[in-house]
Number of protein chains: 2
Amino acid sequence: MSATLKDIAKKVGIHPATVSRALNPRTAHLVNPATVAKVKKAAAALDYLPNPMAAGLRTSRSHTIGVVIPDLNNPLFPGMVRGIQDTLGRAGYTPLLVNTDNDPDIESHLVASLSARRVDGFILATARRDHPLLAQLSEKFPIVLINRVSDSVQLPSVAADEQHGIRLAIEHLYGLGHREIAHVAGPAWSSTGHERSQAFTRSMKDHGLVTSKRISAVSSWSIEAANECATRLIKADPAITAIVAANDQLALGSIAAIKGMKRRCPRDISVVGYNDMPFMDIVDPPLTTVRVPQNDIGSEAARLLLSMLVEEGSTSVKQVRLTPELILRSSTTHPRVEK
Amino acid sequence: MSATLKDIAKKVGIHPATVSRALNPRTAHLVNPATVAKVKKAAAALDYLPNPMAAGLRTSRSHTIGVVIPDLNNPLFPGMVRGIQDTLGRAGYTPLLVNTDNDPDIESHLVASLSARRVDGFILATARRDHPLLAQLSEKFPIVLINRVSDSVQLPSVAADEQHGIRLAIEHLYGLGHREIAHVAGPAWSSTGHERSQAFTRSMKDHGLVTSKRISAVSSWSIEAANECATRLIKADPAITAIVAANDQLALGSIAAIKGMKRRCPRDISVVGYNDMPFMDIVDPPLTTVRVPQNDIGSEAARLLLSMLVEEGSTSVKQVRLTPELILRSSTTHPRVEK
DNA sequence: CCAGGTATCGCAATCGATTGCATAACGGGA
DNA sequence: TCCCGTTATGCAATCGATTGCGATACCTGG
């Protein structure tokens, strides 16, 4: 089939071991520059491609990384995957992508099958806060968490600065004159949901605003759940003039709720989303939202994991936070003056 | 690290080769059922995981499939990827996913790196109609095309029945009373764009409608390009009452064009999309569109490729067409009666 | 001219699973 | 009782790259 080291060796008239050294940048200095040149030429002529299985078998490193995503259909993740793929690929690594559907059982199963594939490390984007797998897995593999942090185990992670993002949203609303601001929070089991909810409470307090009865968490990251949730909030407290949603789906659900109650967004109630998924600029109304740098999160996570793979000694656990920005569109405006 | 066949062999007191045969369903009949049972128990006790590199090195089959996608950020593809992953995973295969950004150079590079990884086959979703790579690649690997067909080389493919989908759209508009129907077509180099454009012409003719000057192709699958394109069409022929767009992005661009010309959709001009991407139900106006079964396309392609991997003998080239359906929403209505 | 380096390269073992071939045990028919 | 065919298992080569160790040649300073 494809050419092997032995073929090159025969062609040049040297031993396969020397060919191996010549072709490996890390060991090329051990072999005569002239032979290196000859080897490279022969390799190109035979269009030699190293067999990763043979190399992997010997070195027990597959140069693959398991990437575990809750749901690829959620537009938040493809961007991150892109970032991961690009920087991993540049370093000669290949991501193995899987979906968990947010199901812990499926996740265990998939992680097991990735382990069987002998991945060199993991990038996990699964959202659950309490996860028994994490502790075990982190003992056997280098791991980087993305779009979340772990509160039980201390693990490297790359995520958005949720505190900052939520603050941006609230400062924006406050600047517009809003004082009665509610929060449609993410599921309690979700890491990001939890963080953003806490950030909401803190930022509101910093602005001297009250949050009592103004926070309600959905049971799942769905438009329908947010619809119910926002409806409940507004009914309980009709004075509400603005809603900060824990992500864009929840913002969409909140807008649906507002429409469902025969009120208008942003005229009656302003809504701010989070993530800036694709197409959020063309929904009705175009959504003001906090944009998280999805590509950067992915590439940063890949970089972090790669660095862990080379310098195994370092014990420092890096937790990277990327700064989000506020995207102003049309779902927010001044609160209506009371007549 | 992990247990090997030798470990199991030692534990049971037999030769590693026997263990290998016992664990392989295809050869298990060669070994005494009693020993098979003992081997399985021991394997479970040591939680043995076969080393795919060792197996792959010996058998030169990696049990991986290269999956080449133009752009994962396009919501059309994650669904297909899901379908692929699910059925490949069930068969013990792992997809290796890459993005090409519709760039032929990047594509060649990525395909090369997947070949280096010794994938067992390819699933290609790249859209270009004329592709030099295809012919060469198909000689060395089993290949299945998705969401497109090849017109130069005869290759297995899984795609939507574009003819049927476009017909659904036109029948719908015709039934509403539209007669002046235009088509915002996909790029000429695109397989789907080309097919849908041809289907448009044919279906229009079948309804006795004229298409002259009513078809204009965009240069890229973007909202902006469609905006320009639709603007041009409408200006050239103000009588137009409906637009069939070659996909949802183009439909969104067409709607933007209508709004930009201070006209309204669907009151002044109806628009039908294609694909039914996520969130097309909440854009303004909610988009009437032709839904293609994304998951099914993916899983069908995976099934097809897997079947090609086992029965290498068969020379028949299967070309599967899946039936799309029309999703009625609010971007279409009766044409306005002339005053 | 020799001892001690250094630069290059060959040798052979190794990673873990697979598989053609050989071998041993066993049972049944002549 | 002997021969032959199954059945069950062992043996050893093999896949292709990596790498510790040893060997050779060459060079430099003393």
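So that the names make sense, note that chain A is the first sequence line, chain B the second, and so on, each numbered from 1.
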Peer 1: Quick one: which residue pairs count as a salt bridge (Lys or Arg N to Asp or Glu O under 4.0 Å) with a foot in residues 21-35 of chain B, not counting sequence neighbours?
Peer 2: none
Peer 1: Using atom NE2 of A:H63 as one end and atom C1' of D:dA17 as the other, report the distance to the nearest whole Å.
Peer 2: 12 Å
Peer 1: State whether the side chain of B:S60 and the backbone N or O of B:G56 hold a donor-acceptor pair below 3.5 Å, judged by distance alone.
Peer 2: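 Side chain of B:S60 to backbone of B:G56: no pair is present.
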Peer 1: Flag the pair B:M53 / B:L57 as yes when at least one side-chain heavy-atom distance between them is below 4.5 Å, and no otherwise.
Peer 2: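 Side-chain contact under 4.5 Å: no.
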Peer 1: For residues 42-56 of chain B, which residues have at least one heavy atom under 4.0 Å from DNA chain C?
Peer 2: B:Y48, B:P50, B:N51, B:A54, B:A55
Peer 1: Collect all protein-nucleotide pairs involving nucleotides 23-28 of chain C in which both atoms are nitrogen or oxygen and the distance is under 3.5 Å.
Peer 2:
none

Peer 1: For DNA chain D, what residues of residues 28-41 of chain B have any heavy atom nearer than 4.0 Å?
Peer 2: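 Output list: B:L30, B:V31, B:N32, B:T35.
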Peer 1: Without decimals, in angstroms, what is the distance between A:I14 CD1 and C:dG10 P?
Peer 2: 6 Å
Peer 1: Nearest whole Å is fine: how far is C:dG16 P from A:R117 CZ?
Peer 2: 17 Å
Peer 1: Rounded to whole Å, how long is the line connecting atom NZ of A:K6 with atom C1' of D:dA17?
Peer 2: 11 Å
Peer 1: Output yes when at least one side-chain N/O atom of A:T18 is less than 4.0 Å from OP1 or OP2 of C:dG10, else no.
Peer 2: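 For A:T18, the contact criterion (side-chain N or O under 4.0 Å from OP1 or OP2 of C:dG10) is met.
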Peer 1: How is B:R118 classified with respect to the nucleic acid when contacts are heavy atoms under 4.0 Å: base, sugar-phosphate, or nothing?
Peer 2: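 The residue B:R118 makes no contact with any strand.
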Peer 1: Would you kindly give the CZ-to-P distance between A:R61 and D:dG16, to the nearest whole Å?
Peer 2: 23 Å
Peer 1: Are A:L145 and A:I123 side-chain neighbours, meaning at least one heavy-atom pair lies under 4.5 Å?
Peer 2: no
Peer 1: Considering only nitrogen or oxygen atoms on both sides, find all protein atoms under 3.5 Å from nucleotides 21-25 of chain D and state each distance.
Peer 2:
none

Peer 1: List the atom pairs, donor and acceptor, that lie under 3.5 Å between side-chain atoms in residues 63-81 of chain A and the rest of the protein, sequence neighbours left out.
Peer 2:
from	atom 1	to	atom 2	distance (Å)
A:T64	OG1	A:S62	OG	2.7
A:D71	OD1	A:N73	N	2.9
A:N74	OD1	A:L76	N	3.0

Peer 1: Closest to the A:H15 side chain: C:dA17, C:dG10, D:dC15?
Peer 2: C:dG10
Peer 1: Nearest 0.5 Å, please: how far is CZ in A:F141 from CG in A:L114?
Peer 2: 9.0 Å
Peer 1: Please enumerate all residues that pass side chain to side chain contact (heavy atoms under 4.5 Å, CB included) together with A:P16, with sequence neighbours excluded.
Peer 2: A:K6, A:A9
Peer 1: Whole Å only: how far is the CG atom of B:N24 from the C1' atom of C:dT19?
Peer 2: 11 Å
Peer 1: What is the distance, to the nearest angstrom, from the CG atom on A:L5 to the P atom on C:dC11?
Peer 2: 15 Å
Peer 1: Tell me, please, which residues at least two apart from B:S138 pass side chain to side chain contact (heavy atoms under 4.5 Å, CB included).
Peer 2: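 Expected list: B:I143, B:V153, B:L155.
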Peer 1: Does B:Q136 have any side chain to side chain contact (heavy atoms under 4.5 Å, CB included) partners at least two apart in sequence or in another chain, and if so, which?
Peer 2: none
Peer 1: When the distance from NZ of A:K10 to C1' of D:dA17 is rounded to whole Å, what number comes out?
Peer 2: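 My rounded result for the distance is 16 Å.
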Peer 1: I want to check something: taking the side chain as every heavy atom from C-beta on, are B:V39 and B:I8 in contact at a cut-off of under 4.5 Å?
Peer 2: yes
Peer 1: Between B:G13 and A:R26, which has a closest nucleotide on DNA chain D that is more 5'?
Peer 2: B:G13
Peer 1: Taking only residues two or more places apart in sequence or in another chain, which ones pass side chain to side chain contact (heavy atoms under 4.5 Å, CB included) with A:S113?
Peer 2: none
Peer 1: Under 3.5 Å, side-chain donor or acceptor atoms of residues 83-95 of chain B against the rest of the protein: list the pairs with distances, not counting sequence neighbours.
Peer 2:
from	atom 1	to	atom 2	distance (Å)
B:Q85	OE1	A:N99	ND2	2.9
B:Q85	NE2	A:L97	O	3.0
B:Y93	OH	B:R61	NH1	3.3
B:T94	OG1	A:R117	NE	2.7
B:T94	OG1	A:R117	NH2	3.4

Peer 1: Going by the salt bridge (Lys or Arg N to Asp or Glu O under 4.0 Å) test, which pairs reach into residues 293-305 of chain A, not counting sequence neighbours?
Peer 2: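 Residue pairs passing salt bridge (Lys or Arg N to Asp or Glu O under 4.0 Å), neighbours aside: A:E300-A:R303.
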Peer 1: Could you tell me whether a side-chain N or O of A:R148 sits under 3.5 Å from a main-chain N or O of A:A125, the two making a donor and an acceptor?
Peer 2: no
